[in-house]
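The block underneath contains the structure these notes are about, expressed in structure tokens.
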Amino acid sequence: MKTQTVMAKGIFKLPKITNEPIKAYALDSTERKELKAKLAELRKGGLDLPMIIDGKEVRTDKLHDIRPPQDHQHLLGYYHQGDKSHVQMAIDAALKAKPTWEKMNWESRAAIFLKAADLIAGPYRQTINAVTMLGQSKNVFQSEIDAVGELVDFYRFNVRNMYELYAMQPNSSTGIWNRMEWRPLEGFIFALSPFNFTAIAGNLGGAPALMGNTVVWKPSKTAVYAAHLVMKILQEAGLPDGVINLVFCSGPDASEVVLNDENFAGIHFTGSTKVFDEMWKTIANNVRKYKSYPRIVGETGGKDYVFADSTANAKQIATALTRGAFEYQGQKCSAASRAYIPDTLWDDVKKYMEDDLNKITVGGVEDFSNFVNAVIDEESFNKLAKYIDDAKVSDDAEIVIGGKYDKEVGYFIYPTVILANRSDYVTMQEELFGPILTVYVYKENEAEETLNLLDKTSPYALTGAIFSTRRDKIEHYTQRLTYTAGNFYINDKPTGAVVDQQPFGGGRRSGTNDKAGSIFNLMRWVSPRCIKESFVPATDYMYPNFLKE
Ligand code: NAD
């Protein structure tokens with residue numbers, strides 16, 4: 001294919017890049033009225049969402065329902081389900097688009113993503129919010145910080161980080177010019193995204209694409225609605241055909257085709273540890289098939305903790321737990337899901353949480369007063385209900401708050417607090433991904449032993465929070481818990497990381513910790529070439545030390 005090379009003629013400065021301000025949606029605000037109108041419009045449904053491969057809409061005769069989790073009898077419409085042949089089409093389109101895309105000047109690639117960010121923050125703000133609210137059951141605040149705030153921040157800060165990465169250049173000595181060229185990877189990238197964040201889904205393909213790669217993107221089947229909109233916005237922002245190819249098919253189908261292709265250059269994954277493990281194994285088995293060693297980037301599960309000592313403030317702990325464990329129904333990888341509270345504080349913490357949780361209402365997203373909405377689907381609902389039922393009859397645990405669930409209208413699990421008598425009770429160890437918090441109450445003078453338990457109870461190390469008012473203790477916990485979390489919070493809830501402020505990712509079985517939205521993540525999508533140029537090349541092979549005395 002013939003490509004045209006356009007050379008940049010300037011070392012351009014970027015527009016000012018700051019975090020997107022979050023709107024409040026207060027009563028009578030303009031944004032609230034606009035969003036309500038958009039929700040009413042989109043609720044009417046009629047969706048017919050095709051895949052987008054090589055810039056073209058691809059439809060099949062296999063239609064799949066799209067229904068709001070909070071109102072599962074309401075049909076919003078359909079998406080077109082693809083199969084392995086569509087994955088192959090997407091790979092072919094990505095490889096075809098690659099030579100032109102990687103040659104495009106960086107400022108043009110940057111402009112596309114900056115424009116997409118402005119479209120999301122501006123004309124599409126209430127559309128992307130309404131789509132995320134209806135499709136993934138987020139309340140307005142949760143949607144605004146995800147689908148608007150974080151996605152816009154990802155697209156803008158990625159551009160700034162690319163600029164800084166490109167500016168990282170080696171030194172040169174006299175007569176020599178050394179340069180570092182930040183090449184994209186050879187081949188194509190596989191972006192495999194989870195249901196729970198529109199921002200993460202948009203970034204998994206977006207970050208590698210910005211760096212000059214082309215992408216096959218397979219979103220979660222329960223977040224197709226938002227993924228399709230993000231793709232349309234990127235197209236409107238000028239993303240050329242084939243740079244990102246959106247396919248709707250099963251994860252195993254997509255993986256089988258992608259991971260067997262010699263041009264597979266890397267995976268950008270966010271999702272569960274189990275799925276990531278399987279893909280890592282397949283990649284290892286296939287390693288001799290590939291032209292290059294693929295980059296394997298995956299942010300996975302969590303069993304995030306809150307640890308408080310007896311000097312901490314009970315009201316502050318309770319607030320952090322209520323927000324950290326129950327916002328977005330606990331379906332954040334960072335959600336607080338196990339807490340270690342000293343016996344001297346537990347009664348107060350419990351009372352404050354009861355006060356808060358009794359006020360919280362559970363329901364649909366169109367009623368803005370609901371703090372808790374539905375969990376993502378029936379499978380998740382059934383799994384969570386089973387954990388609650390088991391706790392109800394267990395000798396090792398009791399339900400102290402909540403424990404109710406109801407799926408008649410939507411998949412509603414009420415905020416639930418389990419008190420575990422054993423520090424290794426199942427819900428202290430496993431990721432549940434729902435609005436269920438388990439608390440282990442320890443004897444005030446056993447804080448040190450409790451830190452050991454905390455460290456060893458779960459295989460994950462994503463986020464964690466400590467509460468204390470003593471500086472020496474804070475310093476000690478911070479050191480003692482070094483490897484228990486990639487995002488560590490002192491006197492704050494363990495959720496709500498903001499791009500460019502708390503670079504996000506965990507260790508152990510929580511992922512490769514490449515910190516989405518930071519320069520470290522972008523480095524995974526390039527393979528630098530060092531170029532040394534000699535201005536007046538040597539003509540004598542001899543070095544002075546070899547001369548005869
Ligand atoms: P998931 O692992 O079920 O799905 C993620 C993606 O993988 C989806 O696109 C899905 O279709 C695909 N998939 C599922 N099974 C597959 C298989 N066998 N082969 C290939 N692909 C397959 O995750 P989810 O339920 O969508 O998201 C929740 C999970 O994501 C939780 O474990 C959560 O902790 C994690 N998460 C982590 C972070 C982080 O930054 N660490 C952020 C968000 C979510």
Side-chain angles (χ1 to χ4, degrees), residues 64 69 79 81-82 84 87 135-138 142 146 150 154 190-205 207 216-224 226-227 246-260 267-283 297-304 328-337 375-381 383-384 430-434 458-464 485-487 494-497 499 502-518 521:
H64 200 289
Y79 71 82
Q81 168 96 25
K84 288 183 198 163
V87 183
Q136 288 135 273
S137 202
K138 292 208 171 192
Q142 293 304 316
D146 161 24
E150 192 172 7
F154 273 142
F190 182 31
L192 190 57
S193 57
F195 78 83
N196 65 337
F197 277 88
T198 298
I200 291 175
N203 186 52
L204 290 181
V216 174
W217 174 20
K218 200 226 67 84
S220 164
K221 65 176 190 289
T222 42
V224 158
L246 181 66
V247 289
F248 304 147
C249 64
S250 80
D253 274 1
S255 297
E256 195 185 317
V257 181
V258 164
L259 302 183
N260 274 298
I267 178 162
H268 202 191
F269 174 79
T270 300
S272 59
T273 302
K274 199 171 115 220
V275 171
F276 191 51
D277 285 356
E278 283 311 307
M279 280 184 305
W280 194 299
K281 276 196 264 176
T282 310
I283 293 167
V297 177
E299 301 308 330
T300 60
K303 187 69 195 170
D304 311 295
Y328 192 38
Q329 297 78 264
Q331 297 173 120
K332 299 187 184 192
C333 48
S334 55
S337 64
V375 298
I376 194 68
D377 58 16
E378 189 166 20
E379 191 186 333
S380 169
F381 177 92
K383 190 185 88 176
L384 294 164
E430 291 180 8
E431 182 182 51
L432 312 191
F433 227 57
S458 142
Y460 301 107
L462 189 50
T463 74
N487 284 71
T495 58
V499 176
Q502 297 96 23
F504 192 78
R508 292 184 179 163
R509 310 273 300 138
S510 289
T512 53
N513 200 10
D514 290 290
K515 303 291 187 200
S518 77
N521 178 280

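Quick note: residue numbers are just sequence positions, from 1. Whatever order the structure lists ligands and atoms in, that order sets their numbers, starting from 1.
Judged by distance alone, the side chain of Ser510 and the main-chain N or O of Thr300 form no donor-acceptor pair under 3.5 Å. For Gln136 (side chain) and Phe195 (main-chain N/O), a donor-acceptor pair under 3.5 Å exists by modelled atom type. Side-chain N or O atoms of Lys515 include one that pairs as donor or acceptor with a backbone N or O of Gly505 at under 3.5 Å.
Every heavy atom of Lys221 sits 4.0 Å or more from the atoms of ligand 1. Residue-ligand proximity: Pro219 is placed with a non-hydrogen atom under 4.0 Å from ligand 1. Not a single heavy atom of Gly506 lies less than 4.0 angstrom from ligand 1. The closest approach between Phe197 and ligand 1 stays at or above 4.0 Å for every heavy atom of the residue. Contact annotation: Lys218 has at least one heavy atom less than 4.0 Å from an atom of ligand 1.
Closest to atom 36 (N) of ligand 1 among all protein heavy atoms lies Cys333 CB, 3.5 Å. Annotation: atom 21 (N) of ligand 1 to nearest protein heavy atom, Gly251 CA, 3.3 Å. When only non-hydrogen protein atoms are considered, atom 41 (N) of ligand 1 lies nearest to Thr300 O, 2.8 Å. When hydrogens are left out, the protein atom nearest atom 14 (C) of ligand 1 is Val275 CG2, 3.8 Å; that is the closest non-hydrogen contact. If you check which protein heavy atom lies closest to atom 18 (N) of ligand 1, you get Pro252 CG, 3.7 Å. The protein heavy-atom contact nearest to atom 26 (O) of ligand 1 is Phe195 N, 3.1 Å. Here the heavy atom of the protein found nearest to atom 35 (C) of ligand 1 is Gly271 O, 3.2 Å. Scanning the protein heavy atoms around atom 2 (O) of ligand 1, the nearest turns out to be Ser272 OG, 2.6 Å.
Taking CG of Asn203 as the start and CG of Asn521 as the end, the distance is 6.5 Å to the nearest 0.5 Å. Here the SG-CZ distance, from Cys333 to Phe197, works out to 6.0 Å after rounding to the nearest 0.5 Å. For the atom pair OG1 of Thr270 and CG of Leu204, the computed distance is 4.0 Å after rounding to the nearest 0.5 Å. In this structure, the separation between OG1 on Thr495 and CG on Asp304 is 9.0 Å, given to the nearest 0.5 Å. Rounding to the nearest 0.5 angstrom, the gap separating the CD atom in Glu431 from the OG1 atom in Thr273 is 6.5 Å. The structure places CG of Leu384 at 10.5 Å from CD of Glu379, a figure rounded to the nearest 0.5 Å.
At under 3.5 Å, not a single nitrogen or oxygen of Asn196, backbone or side chain, sits near a nitrogen or oxygen of ligand 1.
Contact annotation: for Leu462 versus ligand 1, heavy atoms closer than 4.0 Å belong to the side chain alone. At a heavy-atom cutoff of 4.0 Å, ligand 1 is contacted by the side chain of Ile200 but not by its backbone. When non-hydrogen atoms are compared, ligand 1 lies under 4.0 Å from neither the backbone nor the side chain of Lys274. With a 4.0 Å cut-off on non-hydrogen atoms, Phe433 touches ligand 1 through its side chain and not its backbone. Contacts between Phe269 and ligand 1, counted as non-hydrogen atom pairs separated by less than 4.0 Å, involve the side chain only. With a 4.0 Å cut-off on non-hydrogen atoms, Ser255 touches ligand 1 through its side chain and not its backbone. Contacts between Ser193 and ligand 1 below 4.0 angstrom, taking non-hydrogen atoms only, involve the backbone exclusively.
The aromatic rings of Phe248 and Tyr79 lie perpendicular to each other, with more than 60° between the two planes, well past the 30° mark.
Counting only N and O atoms by type, the side chains of Lys221 and Gln81 include no donor and acceptor under 3.5 Å apart.
Ion pairing between a basic and an acidic side chain is recognised when a charged N comes within 4.0 Å of a carboxylate O; Arg509 and Asp277 show such pairing.
For the pair Lys138 and Tyr328, the cation sits on the ring face: its NZ or CZ lies under 6.0 Å from the ring centre, inside 45° of the axis.
Close contacts of ligand 1 with Glu431, meaning ligand atoms under 4.0 Å from a residue heavy atom, involve 31 (C), 32 (O), 33 (C), 34 (O). Atoms of ligand 1 lying under 4.0 Å from at least one heavy atom of Pro194, given by number and element, are 26 (O), 27 (O).
Within the 4.0 angstrom cut-off, atom 9 (O) of ligand 1 has one or more protein heavy-atom neighbours.
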Trace of the side-chain contact (heavy atoms from CB on, under 4.5 Å) decision for Glu299 with Asp514: CA-CA 8 Å; Glu299 301 308 330; Asp514 290 290; 4.1 Å; yes
